[in-house]
Amino acid sequence: MIQRIASSPTPPASFAELGLSRLTLAALKTVNYRVPSPIQAAFIPPALEGRDVIGQAKTGTGKTAAFSLPLIEMHEPGQPGPQAIILAPTRELVQQICGEFERLARGRDLVVRGIYGGEPIERQLRSLAKGVDVVVGTPGRVIDHLQRGTMSLEGVYHVVLDEADRMLDIGFRPDIERILRKVPQPHQTLLLSATLSPEVRRLAARYMHEPVELNLSRDEPSVEKIVQKYIPVDHNRKMELLLHLLELEKPRQCIVFCRTKRGADKLAQRLARRYPGVATIHGDLPQTARNRVMRGFRDGSIPILVATDVVGRGIDVEEISHVVNYDIPDDPENYLHRIGRTGRMGKDGVAYTFVGPDEGIPLTNIEVLINKTLERVVIPGFEVTERGVGVADRSRGRIPISLEGGYRAAAPKPFRQLFSTA
DNA sequence: AAAAAAG
């Protein structure tokens, strides 16, 4: 039997009511967490009971603390080897989770360690030899340690897959399964993401025992505080449009998402002529450069970050006011994650998506997923020059937006010609 | 097809 809980009827007003100890409540006070967010209120109690939990909640609503707090609470001091392993899809996300976990575990005898590629392995070997209670890692390096025999999962009881749909997709699943085979049964499994399609939930259930399923974003998967707009534009004028948009909007901090690493490099180079504060990040950069850029972006010295999807998920930088999809994301789920880099913890944000004449279908797929149409914006001087300009299907009101979950698979894929290229 | 993740 799978237990489904849509949302808690009366969200607890305080962390104390969720069954957290005084030590944890004190740590929460020092980091200024006052009231639990909806996902925290719903997730923490069943997790503390030791149940398996699948948690879906919007971007920027506190999923990291939702799984970290129960792990901290259930931690048993004095045991050898890691008791919990948290897996995430990128090194930067692993580093961020480590930081948050450490802040929340303050005052406890609990060692957290990031285990990821791009960092010299010797340092990780020394940490592991000294003893680690909670491992936060990317799959590749975790497997590396398992092969070397430098890390054992024999004592692990809690497994967390953050960005679970990503971790279970075809690129990662073999690695994840390989790691899970090393975790003794029984164990507790916690899965979290802003996007968990029914298909992924079904798949995930294979790894879990009577999971409690939470969905706190059923009807409205994207964050209300994010203003979402799209701009139809010819591919060869995107750069001009971006410069114009930056002048117009004067973002506090923004991420410009590109489809490819090379594309991100090129755009950053061109942009840097006018904006010296531009930096780029993608998976081809050495980890030292990635770290340097993330530090600069977090401390505000880099106002504009040109990036691939390496920072599309999970990354939490409060001052991001704008997200620009310079290239429309191929996968609608990635759209939701990308725009979720802004509008975090109740702040507002703006997301612009550039849409080329041939990209009506990906745009519609996004709208179907988020169950909402994007506002069309035309920037003066950037009107599309071709004949037949217009969004025919929208004016006819033919975009089917499903009210039931809004997932692509459940809704027909309409063809939409955005504007004529004739 | 691209990006991410081991080196």
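Quick note on labels: first sequence line is chain A, next is B, and so on, each numbered from 1. Values below: every heavy atom of this structure, side chains too, minus hydrogens, waters and symmetry copies.
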Roughly, in whole Å, what's the span from [atom1] in [X] to [atom2] in [N]?
X: A:Arg338; N: B:dA4; atom1: CZ; atom2: C1'; answer: 13 Å
X: A:Asp327; N: B:dA3; atom1: CG; atom2: C1'; answer: 13 Å
X: A:Arg173; N: B:dA5; atom1: CZ; atom2: P; answer: 19 Å
X: A:Lys261; N: B:dA2; atom1: NZ; atom2: P; answer: 10 Å
X: A:Ile281; N: B:dA3; atom1: CD1; atom2: P; answer: 15 Å
X: A:Ile176; N: B:dA4; atom1: CD1; atom2: P; answer: 17 Å
X: A:Asp265; N: B:dA2; atom1: CG; atom2: P; answer: 16 Å
X: A:Arg259; N: B:dA2; atom1: CZ; atom2: P; answer: 7 Å

Phosphate-side-chain proximity, A:Arg290 and B:dA5, N/O vs OP1/OP2 below 4.0 Å | yes

Taking only N and O in the side chain of A:Thr308, is any of them less than 4.0 Å away from OP1 or OP2 of B:dA4?
->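 Looking at the OP1 and OP2 atoms of B:dA4, one of them is under 4.0 Å from a side-chain N or O of A:Thr308.
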
Name each donor-acceptor pair under 3.5 Å that joins a side chain in residues 265-273 of chain A to protein atoms two or more places apart or in another chain, with its distance.
from, atom 1, to, atom 2, distance (Å)
A:Asp265, OD1, A:His282, NE2, 3.1
A:Asp265, OD2, A:His282, NE2, 3.1

Classify the side chain of A:Arg166 and the base of B:dA4 as holding, or not holding, a donor-acceptor pair under 3.5 Å.
-> yes

Under 3.5 Å donor-acceptor pairs involving side-chain atoms of residues 169-180 of chain A, not counting sequence neighbours:
from, atom 1, to, atom 2, distance (Å)
A:Asp169, OD1, A:Arg166, NH1, 3.3
A:Asp169, OD1, A:Gly171, N, 2.9
A:Asp169, OD2, A:Arg166, NH1, 2.9
A:Arg173, NE, A:Leu168, O, 2.6
A:Arg173, NH2, A:Leu168, O, 3.2
A:Glu177, OE2, A:Tyr207, OH, 2.5

A:Thr308 side-chain N/O to A:Lys261 backbone N/O, donor-acceptor pair under 3.5 Å =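 No, A:Thr308 side chain to A:Lys261 backbone: no donor-acceptor pair under 3.5 Å.
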
With sugar-phosphate meaning primed atoms plus P, OP1 and OP2, does [X] contact a base, only sugar-phosphate, or nothing at under 4.0 Å between heavy atoms?
X: A:Gly118; answer: sugar-phosphate
X: A:Gly117; answer: sugar-phosphate
X: A:Arg313; answer: nothing

Candidate nucleotides B:dA2, B:dA6, B:dA4, ranked by approach to the side chain of A:Thr260 - the nearest = B:dA2

State which residues pass side chain to side chain contact (heavy atoms under 4.5 Å, CB included) with A:Ser37; sequence neighbours excluded, sorted by chain then number.
->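 Partners of A:Ser37 by the side chain to side chain contact (heavy atoms under 4.5 Å, CB included) criterion, ordered by chain and then number, come out as A:Ile39, A:Gln40.
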
Please identify each residue that fulfils side chain to side chain donor-acceptor pair (under 3.5 Å) with A:Thr150, with sequence neighbours left out.
-> A:His145

A:Gln95 and A:Arg290: side chain donor to acceptor below 3.5 Å =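 On atom types as modelled, these side chains do not qualify, holding no pair under 3.5 Å.
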
Determine which pairs satisfy side-chain hydrogen bond (donor to acceptor under 3.5 Å, both in side chains) with at least one residue from residues 239-249 of chain A, sequence neighbours left out, and list them in order.
->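 As it turns out, the side-chain hydrogen bond (donor to acceptor under 3.5 Å, both in side chains) pairs with a partner in residues 239-249 of chain A, which skip direct neighbours, are A:Arg237-A:Glu240, A:Glu247-A:Tyr275, A:Glu249-A:His322, A:Glu249-A:Tyr352.
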
Contact list for DNA chain B against residues 142-150 of chain A - heavy-atom distance below 4.0 Å | A:Gln147

